[in-house]
Amino acid sequence: MSARDPLVGTRSGWHTPVPESHPAARLLTAAAVRARCATIMAAAERGDTRFLRWHPERVAGAAAYVTATIRQRYPDLAVPYHSRWRHFEAGGVDRWAVIAAALPDDRAERARARIDLAITSVLLDAGAGPAWRFFDANTGTTLSRSEGLAVASLRMFAAGAFSSDRGARFAADAAALAGVDAAMLAAGFAVAADNPLVGLDGRAALLRRLGIVAAATPAVFGTPARLGNLYDYLAAHADDGAIGADFVLATLLRALGPVWPPRLVLDGVPLGDCWRHPAARAADPADPTDGFVPFHKLTQWLAYSLLEPLEEAGLTVTGLDQLTGLPEYRNGGLLLDLGVLEPLESSFLRRKLTVDDSAVVEWRALTVIALDRIAADVRAELGISAQAFPLARVLEGGTWAAGRRIAAERRAGGAPPVSIDSDGTVF
């Protein structure tokens, strides 16, 4: 299988190469995310959107706010990638280092273990809700939201919860994942009546499907199936030690496609985090994907989170800005809180929305394109090139942190401005 011929998953669980002629192939890329979101932004620029008004004159102010956040958090401008690894370091503690010290002195095995952890943790990283907390007994700290979810999943991983081999607990294999249930996650995440976690059943179901899909995809995850074997697949497809970020994402989208709950399916191929919006136009109106807008937020978050494991193992990941900004609470909330996006109906900020609501799809699409524009202004203010400061650093420095910062300034507890009824698999 060539580097241009990654895998695709079907709802049946079987995995075969997807022909370039298959219409789903047009949506399973980062380029498709950017292109379809751009059609919705074009509608906003014409004043033709129904839910949100676009204020381009406020982009510079938002970029200044983000730049100030970057300088505050990283005065030397040595900003790491936006990834799950930042959450594992909550409170300034390098929790991964403790695990790494117990691993063999083998960079390929270290990469496999980091990928095992990254995939399981990212798939558990949907919104936790405002009430949930996790007490990390190893450090004596109480964490919430993304950091809490990350550290709770890391502690489960370190205890061997995702490995069926008691002699090799720092792994995540298909056999163990297929047996995950809500009770197991509830114990690992300290869920209780007074400590509720949003989407617990959805998270458990997602990990079970992950195990089933990994076992059905030996070309990527090996036999017996282990998530970390993705490293070997990517290394085998590298060209002189280099691999494109777009190929990493395409592989994840095709190999993990059947993991996501059934939503839009096109000719047998599940499209994952992909939704409908009337302004998401294809170049050809007869295109069966017309009206579809993909985001692939969690999968792109996973791709960002694989950069460090792959680079530490000696691979060079090229074309980082082929990936897009992540359309979620913090990045999208930043735009609403700073008035770059203005709701046309006050109910947008008052009512609980669903992920397939056209208002949410519109908000997320405009967020993707706005992040590109803010990133350009941030780099200009910092005097740094896109090559030296890719979007992965702008997000970390950055728009995500700025979104959390302004949320804390505007609302008690730092809640985002929009309320989403999440099933634990998108946001």
Side-chain angles (χ1 to χ4, degrees), residues 2-10 16-54 56 59 244-254 257 260 263-297 299-300 303 318-327 331-332 335 341 355-376 386 391 426:
S2 74
R4 290 177 295 180
D5 191 24
L7 299 180
V8 65
T10 69
T16 56
V18 59
E20 287 299 318
S21 58
H22 195 293
R26 301 168 211 166
L27 298 171
L28 297 176
T29 67
V33 174
R34 205 170 251 116
R36 291 299 172 87
C37 290
T39 66
I40 297 176
M41 175 59 83
E45 291 174 326
R46 296 191 304 268
D48 287 343
T49 40
R50 176 182 170 188
F51 301 100
L52 294 162
R53 179 178 290 113
W54 165 246
V59 170
D246 58 342
F247 180 75
V248 174
L249 179 64
T251 299
L252 292 171
L253 287 171
R254 287 154 172 77
W260 308 111
R263 294 181 180 124
L264 290 180
V265 177
L266 189 60
D267 290 349
V269 177
L271 302 177
D273 185 10
C274 181
W275 313 91
R276 296 182 187 272
H277 191 282
R281 310 316 318 175
D284 179 0
D287 187 331
T289 70
D290 189 61
F292 290 5
V293 54
F295 297 112
H296 307 312
K297 180 260 176 179
T299 311
Q300 291 206 75
T318 60
L320 297 186
D321 277 355
Q322 292 168 333
L323 303 179
T324 77
L326 304 179
N331 290 322
L335 302 175
L341 297 177
V355 292
D356 61 344
D357 192 308
S358 292
V360 173
V361 176
E362 188 169 295
W363 171 49
R364 298 181 76 198
L366 296 177
T367 295
V368 168
I369 304 304
L371 288 172
D372 282 341
R373 298 182 184 182
I374 288 173
L391 188 57
V426 175

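Source: prediction; values computed, not measured. Computed from heavy atoms alone, side chains included, the values below leave out hydrogens, waters and symmetry copies.
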Peer 1: Identify which one of Asp372, Val33, Ile369, Leu371 satisfies the side chain to side chain contact (heavy atoms under 4.5 Å, CB included) criterion when paired with Thr324.
Peer 2: Val33
Peer 1: Working to the nearest 0.5 Å, report the span between CG of Leu271 and CZ of Arg26.
Peer 2: 11.5 Å
Peer 1: Looking at every non-hydrogen atom in both residues, tell me the closest pair between Leu323 and Ala303 and how far apart they are.
Peer 2: CD1-CB, 4.1 Å
Peer 1: Do Leu335 and Leu366 make a side-chain contact, defined as non-hydrogen atoms from C-beta onward lying under 4.5 Å apart?
Peer 2: no
Peer 1: For the side-chain hydrogen bond (donor to acceptor under 3.5 Å, both in side chains) test, which of Arg50, Arg364, Glu362 pairs with His277?
Peer 2: Glu362
Peer 1: Looking only at atom types and distance, does a side-chain atom of Arg34 sit under 3.5 Å from a main-chain N or O of Gln322, one as donor and one as acceptor?
Peer 2: yes
Peer 1: Determine whether Ile374 and Val59 make a side-chain contact, defined as any pair of heavy atoms from C-beta on separated by less than 4.5 Å.
Peer 2: yes
Peer 1: Taking Trp363 for its side chain and Gly332 for its backbone only, find out whether a donor-acceptor pair lies under 3.5 Å.
Peer 2: yes
Peer 1: Taking the side chain as C-beta and beyond, is there a heavy-atom pair between Pro294 and Leu28 under 4.5 Å?
Peer 2: no
Peer 1: Do the non-hydrogen side-chain atoms of Trp260 and Thr299 ever get within less than 4.5 Å of each other?
Peer 2: yes
Peer 1: Return the CG to CZ distance between Leu341 and Arg53, rounded to the nearest 0.5 Å.
Peer 2: 11.5 Å
Peer 1: First locate atom CG of Leu27, then atom CG of Asp273, and finally report the distance between them rounded to the nearest 0.5 Å.
Peer 2: 12.0 Å
Peer 1: Looking only at non-hydrogen atoms, find the nearest pair between Pro23 and Asp267 and report the distance.
Peer 2: CG-OD2, 3.7 Å
Peer 1: Return the CE to OG1 distance between Met41 and Thr367, rounded to the nearest 0.5 Å.
Peer 2: 8.5 Å
Peer 1: Thr289 side chain to Phe292 main-chain N or O, any donor-acceptor pair under 3.5 Å?
Peer 2: no
Peer 1: Taking the side chain as every heavy atom from C-beta outward, state whether Val361 and Phe295 have any pair of such atoms under 4.5 Å apart.
Peer 2: yes
Peer 1: Taking all atoms of both residues into account, what is the closest heavy-atom pair of Ala375 and Leu391, and its distance?
Peer 2: CB-CD1, 3.8 Å
Peer 1: How long is the gap from CZ on Arg276 to CG on Asp356, to the nearest 0.5 Å?
Peer 2: 11.0 Å
Peer 1: Gln300 versus Leu249: any side-chain heavy-atom pair under 4.5 Å?
Peer 2: yes
